[in-house]
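Owing to the predicted nature of the structure, the values given are computational and were not obtained by experimental measurement. Just so you know, ligand 1 is whichever comes first in the structure, and atom 1 is the first atom listed for that ligand.
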Amino acid sequence: MSLRTLDLRSDTVTLPTPGMREAMAQAELGDDVYGEDPTVRSLEERIAEVLGKERAMFFPSGTMANQACLRLLTRAGDVVLGSKDCHIQRFEAGAAAGLSGLHIERLGDEGRFDAAQLRAALPPDDPHFAPASVVAIENTHNAAGGRVFPKDMLDAIVVLARERGLSLHLDGARLFNAAVASGRPPAELAAPFDTVSVCLSKGLGAPVGSVVATNASRMGALLRIRKMLGGGMRQAGMLAAAGLYALEHHVERLAKDHTNASRLAEGLAELGCEVTAPETNIVMFRVPDLEGFLTGAANCGVRVGRFDATRLRAVTHLDISAEDIGEALTRMKGLFRT
Ligand code: TLP
């Protein structure tokens, strides 16, 4: 009997559950480019409510959602101030530069930066310098191993950003993980931001989709940008239904993913890996031979991801149970036996 592959490369690999597929099949549909898909409307209203914003808009991906927000808040030639290794700079195929003419300055370390670092990076009011227009925060922070952005640091950044007339964007691809881990409601985490993107297709387990929440006054411009980027979808209610189902059934359970990630991290450390303790569902670790480990793990039916030149990443999710974590660790034990 062949072993079931335990896929820990990302929380994007989940397949829709039977309940989610049923909700998708039953969704009431219309042409959303005409604004006539009732299920998309419901999802947008629900997200706006959960994030405490006036309105929300459905997008096909987190990348498009983030880039539409940056486009909305900037002019070509502007500087966006983000964290080191932020997704908008590192993993979105150069879109900020390619599509909107933006330069992203990366501050701090381990997914966070403070107001002093922001202040030091702000360009002077001098025509030699590109103007800064947006501060972008990623919460949780992917490259930092799913870390939650600390409240005190954020509060001080928000004060400074407002003083200087900068907009604030939140890449909240995993905002619900941050909410569950910190015990703070998503609306509270989203409150300081002008635009917030959240993903339905990461920890929440939907197959496709992200949503941007913002003020009603920005919706017209955002709609035009979404269209320009090719993100106007037609009977998208089938996808929105998956998102609505996920919001209903898959938020509280994220705590299980966090527990599983902690257990995985402990186990990997016991096996001899150098592990960063996870705050949510992402485990970053180092081994002496990255390639050897990846191949060895794949050969025993465990898939982890190569994150960069020195780190591997394992992400827990809806399709990985506590038993699967034990099983993955048992299978990987052999990798260190030489
Ligand atoms: N992240 C993916 C990869 O692109 C690295 C993953 O497997 O984690 N913001 C953050 C913080 C993300 O982690 C991601 C996806 C996105 C945005 C983009 O979402 P999609 O993949 O829907 O464009």
Shortest protein contact, atom 22 (O) of ligand 1 (heavy atom only): Gly62 N, 2.8 Å
Proximal ligand 1 atoms for Ser10, defined as those under 4.0 Å from one of its heavy atoms: 6 (C), 7 (O), 8 (O)
Ligand 1 contact on Arg90 by region, counting heavy-atom pairs under 4.0 Å: neither
Asp194 and Arg162 ion-paired at < 4.0 Å: yes
Check: Ser201 N/O within less than 3.5 Å of ligand 1 N/O: no
Nearest-contact summary for atom 11 (C) of ligand 1 - protein heavy atom, Å: Glu138 OE2, 3.3 Å
Ligand 1 N/O within reach of Glu92 N/O, cut-off under 3.5 Å: no
Whether Glu44 side chain and Phe58 backbone form a donor-acceptor pair below 3.5 Å: yes
salt_bridge(Asp257, Arg174) N-O dist < 4.0 Å: no
Polar proximity ligand 1 side, Thr12 side, N/O cut 3.5 Å exclusive: no
Check: residues 16-27 side-chain donor-acceptor pairs under 3.5 Å, at least two apart:
unit_1: Thr17; atom_1: OG1; unit_2: Met20; atom_2: N; d: 3.1
unit_1: Arg21; atom_1: NE; unit_2: Pro16; atom_2: O; d: 3.3
unit_1: Glu22; atom_1: OE2; unit_2: Gln26; atom_2: NE2; d: 2.9

Smallest separation among heavy atoms of Asp324 and Asp319, with atom names: OD2-O, 3.6 Å
Residue portion contacting ligand 1 (non-hydrogen atoms closer than 4.0 Å) for Arg9: neither
Contact with ligand 1 for Lys202, non-hydrogen, under 4.0 angstrom: yes
Geometric N/O contact Ala173 with ligand 1, under 3.5 angstrom: no
SB check Arg234 Asp37 (cutoff 4.0 Å): no
Distance from atom 14 (C) of ligand 1 to nearest protein heavy atom, with residue and atom: His87 NE2, 3.0 Å
Short side-chain donor-acceptor distance under 3.5 Å, Asp78 and Ser133: yes
Polar proximity ligand 1 side, Asn142 side, N/O cut 3.5 Å exclusive: yes
Ring centers of Phe307, Phe91 separated by less than 6.0 Å: yes
Any N/O pair Thr140/ligand 1 closer than 3.5 Å: no
Element-labelled atoms of ligand 1 that are located less than 4.0 Å from some non-hydrogen atom of Ser61: 22 (O), 23 (O)
Residues Glu279, Arg112: salt bridge by 4.0 Å N-O rule: yes
Atom indices of ligand 1, in the order listed, that fall short of 4.0 Å to a heavy atom of Asn66: 9 (N), 17 (C)
NZ/NE/NH1/NH2 to OD/OE distance under 4.0 Å, Arg331 and Glu327: yes
Asp109/Lys84 ion pair, N-O < 4.0 Å: yes
Ligand 1 N/O within reach of Asp11 N/O, cut-off under 3.5 Å: no
Top protein contact for atom 9 (N) of ligand 1, by heavy-atom distance: Asp171 OD2, 2.7 Å
Gln117 side chain to Asp114 backbone, donor-acceptor under 3.5 Å: yes
Atom 23 (O) of ligand 1: the protein heavy-atom neighbour that sits closest, reported with distance to 0.1 Å: Thr63 OG1, 2.6 Å
Part of Arg174 within contact of ligand 1 (heavy atoms, under 4.0 Å): side chain
